[in-house]
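Protein chains get the first letters and strands the later ones, always in sequence-line order, with residue 1 at the start of each.
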Protein chains: 2
Amino acid sequence: MVRRTKEQAEATREQLLDAAEALFCNTGVASTTLDLIARAAGVTRGAVYWHFKNKAEIFEAVCDRATSPMGTMLDTLANDPGDDPLGALERQAGDILILVATDARIRSVLEILFRGFDGGPEFAEYLAREEQNKRQCRCQIQSILEVAVARNQLPPHVKPADAAVAVTAFVGGLMHDWVIDQDYDLANMARWLTKIFFNGLRHG
Amino acid sequence: MVRRTKEQAEATREQLLDAAEALFCNTGVASTTLDLIARAAGVTRGAVYWHFKNKAEIFEAVCDRATSPMGTMLDTLANDPGDDPLGALERQAGDILILVATDARIRSVLEILFRGFDGGPEFAEYLAREEQNKRQCRCQIQSILEVAVARNQLPPHVKPADAAVAVTAFVGGLMHDWVIDQDYDLANMARWLTKIFFNGLRHG
DNA sequence: TTAGATACATACACGAATGTTTGTAAATCG
DNA sequence: CGATTTACAAACATTCGTGTATGTATCTAA
């Protein structure tokens, strides 16, 4: 109840984020009041307003904590497709599925994002960035597929743009379905799932 | 202002649902107040509370109006897989994609559902039914795939349960991605997309 | 050592949306 | 043709969360 040292302050900040993450995931974002977050973290709303501007800022911090590590994965592949772009893409698709199925924090945050919510214009801005992000992923996948076509890894009549739509839908759909209702072992199925899908692409 | 005839009352009910559908889709469910719905329909909140118990009941009515026609499609196929179950499933997957891409009302409602929201426990009940619905879809698809394996339309090592996961993820992912950010012609791509995916299944 | 900044707790003010109650004119029924 | 119900409008009360203002005990730096 009194002034804490810097490390203690940072600890309460993390506790607030942990509490918010759990509450957002279980109770929903809109139904999670700042007072609930504060109580769950063992502090009061005063602490919340000290560390964050409002609920939207907490939300962004919670999401960034999990999504930022995922962001860079595709970038590196798009920059250097290597000599087996299609195989590398298949492998990375499986890697991401396994990562989602393994990392608890990513799973929680994805569940929050997938279940969705709507908290007025504050959050709309963040969600717009998320959509922009997803579009960029499709573009990167498309560019990788263009290299794959050029190397005859795909039949020439396959349009990379269309195939990119299919890839993102499949991987995104798997992530979504499993996060919302995980009653199967995604981590162990990941390699097989990506294999049959990419085989379909190869045989056009 | 005044007492309306029964048909007029039913008309205002439909207008309320139309207004709610549009507002839910554009502004979001949580941000849409009952007063907004009433004004958009040219009435007051009095009319809203006359026709519906609360916002959750409006939401269910809006959703049911669009999703109920979709529900029966899979049922009939699961009951009678025919002599080409895999082909029929592929065709129906394409049909659903085309339906989603063509019907404006379905698109709106799916956009509401996909963007998500959270309106407390009132809505949780409906969403739980939705999830249960989706699980049942997977089961039906799985049963169709079992018939397909029995008829040697799929390699014997393909596990129907796993393949059902893939099918629902792919179709659901396509619907989701296009509804959220439709900048490609899903109706025209539907047949090709389902073809390459099911070819992948066939070649295991 | 002390002056100020820090990290909160506490209390208050405010709007906004909901649910409810009451009013009312016209439609429907006997 | 009268009584009653219907289909709303309008006003009210209440809750609930947010934002902010203020208090305060400690930490920190000079």
Side-chain angles (χ1 to χ4, degrees), chain A residues 1-20 22-24 26-62 117-126, chain B residues 1-20 22-24 26-62 117-126:
Chain A
M1 325 352 184
V2 292
R3 165 96 198 274
R4 309 286 172 74
T5 163
K6 286 185 182 180
E7 306 127 18
Q8 289 176 322
E10 182 59 26
T12 66
R13 191 191 131 97
E14 290 297 315
Q15 287 174 18
L16 283 171
L17 289 180
D18 289 341
L23 285 168
F24 286 166
N26 299 327
T27 321
V29 177
S31 306
T32 297
T33 167
L34 297 183
D35 188 59
L36 280 175
I37 297 175
R39 285 183 194 283
V43 290
T44 68
R45 276 172 50 246
V48 173
Y49 277 103
W50 170 254
H51 286 285
F52 306 98
K53 182 186 164 196
N54 50 26
K55 188 155 76 173
E57 199 171 294
I58 301 178
F59 176 77
E60 293 191 26
V62 168
F117 66 102
D118 105 84
E122 322 278 273
F123 296 82
E125 180 193 352
Y126 183 86
Chain B
M1 328 271 244
V2 292
R3 165 92 199 276
R4 308 286 171 76
T5 165
K6 287 185 181 177
E7 305 126 20
Q8 287 176 324
E10 182 60 25
T12 65
R13 191 191 131 96
E14 289 297 315
Q15 286 173 20
L16 283 172
L17 289 180
D18 290 341
L23 285 168
F24 285 166
N26 298 328
T27 322
V29 177
S31 306
T32 296
T33 167
L34 297 183
D35 189 59
L36 280 176
I37 297 176
R39 285 183 194 285
V43 291
T44 70
R45 270 171 56 245
V48 173
Y49 276 102
W50 172 255
H51 286 284
F52 306 96
K53 183 186 164 195
N54 51 26
K55 189 155 76 173
E57 200 172 291
I58 302 177
F59 176 77
E60 293 192 25
V62 167
F117 66 101
D118 106 84
E122 322 278 272
F123 296 82
E125 181 192 352
Y126 181 86

As a test of reading the structure: which of D/dC8, C/dG19, D/dA9 is closest to the side chain of B/Asn54, going by heavy atoms? C/dG19
Please compare A/Glu122 and B/Val48 by the position of their nearest nucleotide in DNA chain D and report the one closer to 5'. B/Val48
Taking the side chain of B/Val43 as heavy atoms from C-beta outward, which of D/dA9, C/dA27, C/dA11 is closest to it? D/dA9
Tell me if the aromatic rings of A/Phe117 and A/Phe59 count as close, with their centers under 6.0 Å from one another. yes
Specify the separation, in whole Å, of atom CZ of B/Arg45 and atom C1' of D/dA13. 12 Å
Over how many whole Å does the gap from B/Leu23 atom CG to C/dA17 atom C1' extend? 15 Å
Heavy atoms within less than 4.0 Å of DNA chain D: which residues of residues 28-37 of chain A have one? Give them sorted by number. A/Thr33, A/Leu34
Using a strict heavy-atom distance below 4.0 Å, which residues from residues 6-16 of chain B are in contact with DNA chain D? B/Lys6, B/Ala9, B/Thr12
Contact between B/Val29 and B/Thr32 at the side-chain level, heavy atoms closer than 4.5 Å - yes or no? no
Just how far, in rounded Å, is C1' of C/dA17 from CZ of B/Arg39? 13 Å
Can you measure A/Phe52 atom CZ to D/dT18 atom P for me and round it to whole angstrom units? 15 Å
Length of the line joining B/Arg4:CZ and D/dT5:C1', which is rounded to integer Å: 17 Å
Would you indicate whether B/Glu125, at its atom CD, is surrounded by more than 12 heavy atoms from other residues, nucleotides or ligands within a distance under 6.0 Å? no
With the side chain counted from C-beta on, respond yes when A/Phe123 and A/Lys55 share a heavy-atom pair under 4.5 Å apart, and no when they do not. yes
Partners of A/Asp35 by side-chain hydrogen bond (donor to acceptor under 3.5 Å, both in side chains), sequence neighbours excluded? A/Arg39
Does OP1 or OP2 of C/dT28 have a side-chain N or O of B/Thr5 closer than 4.0 Å? yes
Just N and O in the side chain of A/His51: are any of them under 4.0 Å from OP1 or OP2 of C/dC8? yes
Under 4.0 angstrom between A/Trp50 side-chain N/O and C/dA7 OP1 or OP2: yes
Set of ring pair (Phe, Tyr, Trp, His ring centres under 6.0 Å) partners for B/Phe52, sequence neighbours left out: none
Atom OH of A/Tyr49 and atom C1' of C/dA13: how far apart are they, to the nearest Å? 13 Å
Scan residues 40-52 of chain B for pairs that pass side-chain hydrogen bond (donor to acceptor under 3.5 Å, both in side chains), counting only residues two or more places apart or in two chains. B/Thr12-B/His51
Exam field: side chain A/Glu60 to backbone A/Glu57, donor-acceptor pair closer than 3.5 Å: no
Applying salt bridge (charged side-chain N to carboxylate O under 4.0 Å, His left out), name anything that partners A/Glu14, two or more places apart in sequence or on another chain. A/Arg65
Atom NZ of B/Lys55 to atom P of C/dA17: distance rounded to whole Å? 9 Å
